[in-house]
Amino acid sequence: SFDYDRTAGPNRKATESKPRSVSGNADYRRLITKALCLLKEHKPDRAITAFHQALAILPDHNQFDHHYYLGIAFQQTGQLEKAADCYRKAIGFNPNSDEKYLALASCLQAQSDYHGAEQCYQQVLHKDPSHPKAAFSLGTLYLHQNDIHNALKWLLRARDAQPDWGLLQN
């Protein structure tokens, strides 16, 4: 069986001094796989360690979307500023990803950065005006700010886009 912890040992320095392609770097791929498994097993602290080990090998690559998943791990451990930084890096690699903007918005909202969260939701809605999750999330953001008019507008849009959610039924 493969010893994940061994990959951070002496072989890492050799890999750092002579970086290979992402797809050809077995240590990097194993660490990313380990981190994703740990995240799925609800062990975000250990996932963060594995992500950091992988990033030490190939810091400028994002083939496996590790910045996004590292952000999830940070958010699960309550490290919201680090999570937001990771989501921003992930967006930098893939600025067309609604999923990453929604994750950043959720993180910013948890930090009471309502303006930043609103901008992220609006970014998604600019591309897809009927995006149900973005509309619902923006509606609930406005609801928490006691902006009932805008809350109702976006919650109704979410209901119309996703009627099977059962939102605002009579």
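Residue indices begin at 1 and follow the sequence shown.
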Trainee: Determine, step by step, whether Q76 and L39 satisfy the side chain to side chain contact (heavy atoms under 4.5 Å, CB included) criterion, reporting the C-alpha distance in whole Å, the side-chain angles of both residues, the deciding distance to 0.1 Å, and the verdict.
Mentor: CA-CA 9 Å; Q76 288 178 354; L39 195 56; 3.5 Å; yes
Trainee: Heavy-atom distance under 4.5 Å between the side chains of C120 and L108, does that happen here?
Mentor: yes
Trainee: Any link between L55 and Y69 through a network of hydrophobic side chains (Ile, Leu, Val, Met, Phe, Trp, Tyr) touching at under 4.5 Å?
Mentor: yes
Trainee: Could you check whether K100 makes a cation-pi contact with Y87, meaning its NZ or CZ is under 6.0 Å from the centre of the six-membered ring and within 45° of the ring axis?
Mentor: no
Trainee: What is the distance from atom CG of N150 to atom CG of L143, rounded to the nearest 0.5 Å?
Mentor: 11.5 Å
Trainee: Below 4.0 angstrom, N of the basic side chain to O of the carboxylate: do D160 and R157 qualify?
Mentor: no
Trainee: Could you tell me if the side chain of F74 sits less than 4.5 Å from the side chain of L80, heavy atoms only?
Mentor: no
Trainee: Are T77 and Q79 close enough that a side-chain donor and a side-chain acceptor fall under 3.5 Å?
Mentor: yes
Trainee: Between H131 and Y101, is any side-chain donor less than 3.5 angstrom from a side-chain acceptor?
Mentor: no
Trainee: Could you report the tightest heavy-atom contact between S130 and A161, atom names first, then the distance?
Mentor: O-CB, 3.1 Å
Trainee: Taking atom NZ of K40 and atom CD1 of I72, what is their separation to the nearest 0.5 Å?
Mentor: 13.0 Å
Trainee: Is D65 reaching over with its side chain to a backbone N or O of Y68, donor-acceptor style, under 3.5 angstrom?
Mentor: no
Trainee: Could you give me the CA-CA distance, side-chain angles and deciding distance for Y142 and E118, then say whether side chain to side chain contact (heavy atoms under 4.5 Å, CB included) is met?
Mentor: CA-CA 9 Å; Y142 286 134; E118 179 184 16; 2.4 Å; yes
Trainee: Evaluate I32 against F51 for side chain to side chain contact (heavy atoms under 4.5 Å, CB included), listing each step before the verdict.
Mentor: CA-CA 6 Å; I32 291 295; F51 279 122; 4.0 Å; yes
Trainee: Identify whether the distance between the nearest side-chain nitrogen and carboxylate oxygen of K82 and D85 falls below 4.0 Å.
Mentor: no
Trainee: Which distance, rounded to the nearest 0.5 Å, do you find between the CD1 of I57 and the CG of N25?
Mentor: 5.5 Å
Trainee: List the atom of A151, the atom of G139, and the distance in Å for their closest heavy-atom pair.
Mentor: CB-O, 3.4 Å
Trainee: Would you give the length of the straight line joining atom CG of L31 to atom NE2 of H66, rounded to the nearest 0.5 angstrom?
Mentor: 11.5 Å
Trainee: Is there a side chain to side chain contact (heavy atoms under 4.5 Å, CB included) between S97 and I91? Walk through the geometry before answering.
Mentor: CA-CA 7 Å; S97 171; I91 289 169; over 6 Å; no
Trainee: Which atom names give the shortest non-hydrogen contact between L125 and A135, and what distance separates them?
Mentor: CD2-N, 3.9 Å
Trainee: What are the two closest heavy atoms between P95 and K127, and how far apart are they?
Mentor: O-NZ, 4.0 Å
Trainee: Does D98 come within less than 4.0 Å of K133, counting only side-chain N to carboxylate O?
Mentor: no
Trainee: Could you tell me whether a side-chain N or O of S137 sits under 3.5 Å from a main-chain N or O of A134, the two making a donor and an acceptor?
Mentor: no
Trainee: What are the two closest non-hydrogen atoms of G71 and A83, and how far apart are they?
Mentor: O-CB, 3.3 Å
Trainee: Nearest 0.5 Å please: distance from the CG atom of L156 over to the CZ atom of F136.
Mentor: 12.0 Å
Trainee: If you count the non-hydrogen atoms of other residues, nucleotides and ligands that lie under 6.0 Å from CD in E41, is the total more than 12?
Mentor: yes
Trainee: With distance as the sole criterion, is a donor-acceptor pair present between the side chains of H115 and Q119 under 3.5 Å?
Mentor: yes
Trainee: For a side chain to side chain donor-acceptor pair (under 3.5 Å) check, start with the C-alpha distance between Y121 and H126, then their side-chain angles and the critical distance, and finish with the verdict.
Mentor: CA-CA 9 Å; Y121 293 134; H126 177 72; over 6 Å; no
Trainee: Can you see which heavy atom on C86 is nearest to which on H67, and at what distance?
Mentor: CB-O, 3.2 Å
